[in-house]
Amino acid sequence: MNYLRVTGGRVLRPDGRVERADVAVDRDEGTVRAVGPPDEVDEALGGAAAETLDASGSLVMPGLVNAHTHVAMTLLRGYADDKPLDPWLREDIWPAEAELTPDDIEAGAELGVLEMIRSGTTAFADMYFAMDRVADVVDRAGLRARLGHGVVTVGKNDADARADVAESLAVARDLDGAADGRIRTAFMPHSLTTVGEEFLREGVAEARAAGVPVHLHANETTDEVDPIVDERGQRPIAYADDLDALGPDDFFAHGVHVDGSEIDRLAEAGTAVVHCPASNMKLASGMAPVRRLREAGVTVALGTDGAASNNDLDVFDEMRDAAMLGKLAADDASAVPAAAVVEMATAGGADALGLPGGRIEAGAAADLAVVDLDAPHLTPVHDPVSHLAYAARGSDVRHTVCDGEVLMRDREVLTLDADAVQERAAAAANGLVDRVEGN
Ligand SMILES: CSC[C@H]1O[C@@H](n2cnc3c(O)ncnc32)[C@H](O)[C@@H]1O
Ligand SMILES: [Zn+2]
């Protein structure tokens, strides 16, 4: 047997309790074998030897889930700031993305994945281009992901629009199950306004036939919601329902401007919402009604969105932002408490993406982040869950484990060459900007 044993720490259990425990991992299966006091774990292992990971002074939590990003946008971090969504995309981001090469996307994805491993993220959802390259990075780096090619049909002729939809469906079919099953896929139309109705209708029908979920941006800004209401006389979630895009495996990014009927319909359909508080604040998109969504029974996950609208991929920041913004949105300091955002960043994320992980219990996927609590900004420890939500940073993560494999040990990432990744990405970003500026 091939075991890993995380020893001497405190462990965040699925019910929110924190207990002193060891975690034994079956590396062949990629699952948690046992959680409990050392003698119980000894017994579960039957005296078998195990590689150890020291968690003394630390909290062992489920690996974080970044449920909506565009990972290669790390190359555009700090490239265009301080604008609302529509002009930001049209004036800055889309012209730059038009110059991206598959090599750039691979370099940007490596940088993003490195940043995520270093901040305890073990699973993410990615909507972008050149997804074969992103999948290769995920495979090498050792995380889990739900990947999809993002479709935009506005401004394209019929043949190009059809080709874009076909590419998203082909990616969803071809990459599903890659990286020993750590990669799953989805059909990913960009949004209900940037993809034409006939393409949405046909694409969703084909996704259903192929058994892959749908992921899109929905109800992000009033500029996006209002034209749908004006042109169709229906709210975006009703339109999505009409398109058959509202299923229990589907997950929508943002859900900022959703009314009561839309919240009820999302809950009834079982469609998850990925809350992206930093992006929503930076682009001044609005405040998602997180408490109302959760109270209605909607699965709410957390996402960073791309690094150009955040500007990092640290899910600890997202937990803190979600708690703070949720209180402001509800005008109630108890609206989105610490335990809620920790749940959204772990089990909520795994459930939204339909990926294993998110809970530390026997039989669950061995996706873990070990957070070092021995730091001035984390002293004293009255409540470790409070610290995860309000005080910890991604840089407090000491070890990261995914699928039973150690991806980072004592802050050294083992699956990527951090210096080389950073150097390559910086060169790719500079080359990209030179091309955009015509140098
Ligand atoms: C077609 S691939 C994905 C596409 O989405 C763009 N994008 C990045 N952030 C956002 C956001 O907050 N809302 C909508 N679209 C966004 C990204 O630049 C790609 O073009
Ligand atoms: Zn996005």
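All ligand and atom numbering here is 1-based and tracks the order in the structure. Note that these values count all heavy atoms, side chains included, but never hydrogens, waters or copies made by symmetry.
- Evaluated for a side chain to side chain donor-acceptor pair (under 3.5 Å) with Ser279, the options Asp305, Thr304, Thr69 yield exactly one hit, Asp305.
- Of the options His217, Met127, His149, the smallest heavy-atom separation from atom 16 (C) of ligand 1 is shown by His217.
- Nearest heavy atoms, Thr400 versus Thr122: CG2-CG2, 3.7 Å.
- Look at Glu343 and Arg359 and you find no salt bridge, because none of the NZ, NE, NH1 or NH2 atoms lies under 4.0 Å from a carboxylate O.
- Without hydrogens or angle criteria, His399 side chain to Asp410 main chain gives a donor-acceptor distance under 3.5 Å.
- Against a heavy-atom cut-off of under 4.0 Å, Glu220 is close to the following atoms of ligand 1: 11 (C), 12 (O), 13 (N), 14 (C).
- Judged by distance alone, the side chain of Arg208 and the main-chain N or O of Asp244 form a donor-acceptor pair under 3.5 Å.
- Every atom of ligand 1 with a heavy atom of Ile93 under 4.0 Å away is listed here by number and element: 18 (O).
- Cation-pi contact between Arg320 and Tyr390: absent, since separation from the ring centre below 6.0 Å together with deviation from the ring axis within 45° is not met.
- By the criterion of a heavy-atom distance under 4.0 Å, neither the backbone nor the side chain of Met188 is placed next to ligand 1.
- Checked for salt-bridge contact, Glu115 and Arg77 meet the test: a charged N lies under 4.0 Å from a carboxylate O.
- Listed here is the closest heavy atom pair of Val258 and Leu266: CG1-CD1, 4.4 Å.
- Interface atoms of ligand 1 facing Phe129, defined by a heavy-atom separation under 4.0 Å, are 1 (C), 2 (S).
- Shown in contact with Gly150 at under 4.0 Å from a heavy atom are these atoms of ligand 1, numbered in order with element: 1 (C), 2 (S).
- Around atom 7 (N) of ligand 1, the closest heavy atom drawn from Met131, His70, His68 belongs to His70.
- Geometrically, ligand 1 and Trp88 share no nitrogen or oxygen pair separated by less than 3.5 Å.
- Regarding atom 18 (O) of ligand 1, its nearest protein heavy-atom neighbour is Glu97 OE2, 2.7 Å.
- Heavy atoms of other residues, nucleotides or ligands lying less than 6.0 angstrom from CD of Glu423 number 12 at most.
- Each protein N/O/S atom under 2.8 Å from the Zn ion (ligand 2) was counted, for a total of 4.
- Residue contact check: His190 has heavy atoms under 4.0 Å from atoms 3 (C), 4 (C), 5 (O), 6 (C), 14 (C), 15 (N), 16 (C) of ligand 1.
- Geometrically, ligand 1 and Trp94 share a nitrogen or oxygen pair separated by less than 3.5 Å.
- The aromatic rings of His217 and His68 sit perpendicular, their planes meeting at an angle over 60°, well past the 30° parallel limit.
- In this structure, Arg291 contributes its side chain and Gly326 its backbone to no donor-acceptor pair below 3.5 Å.
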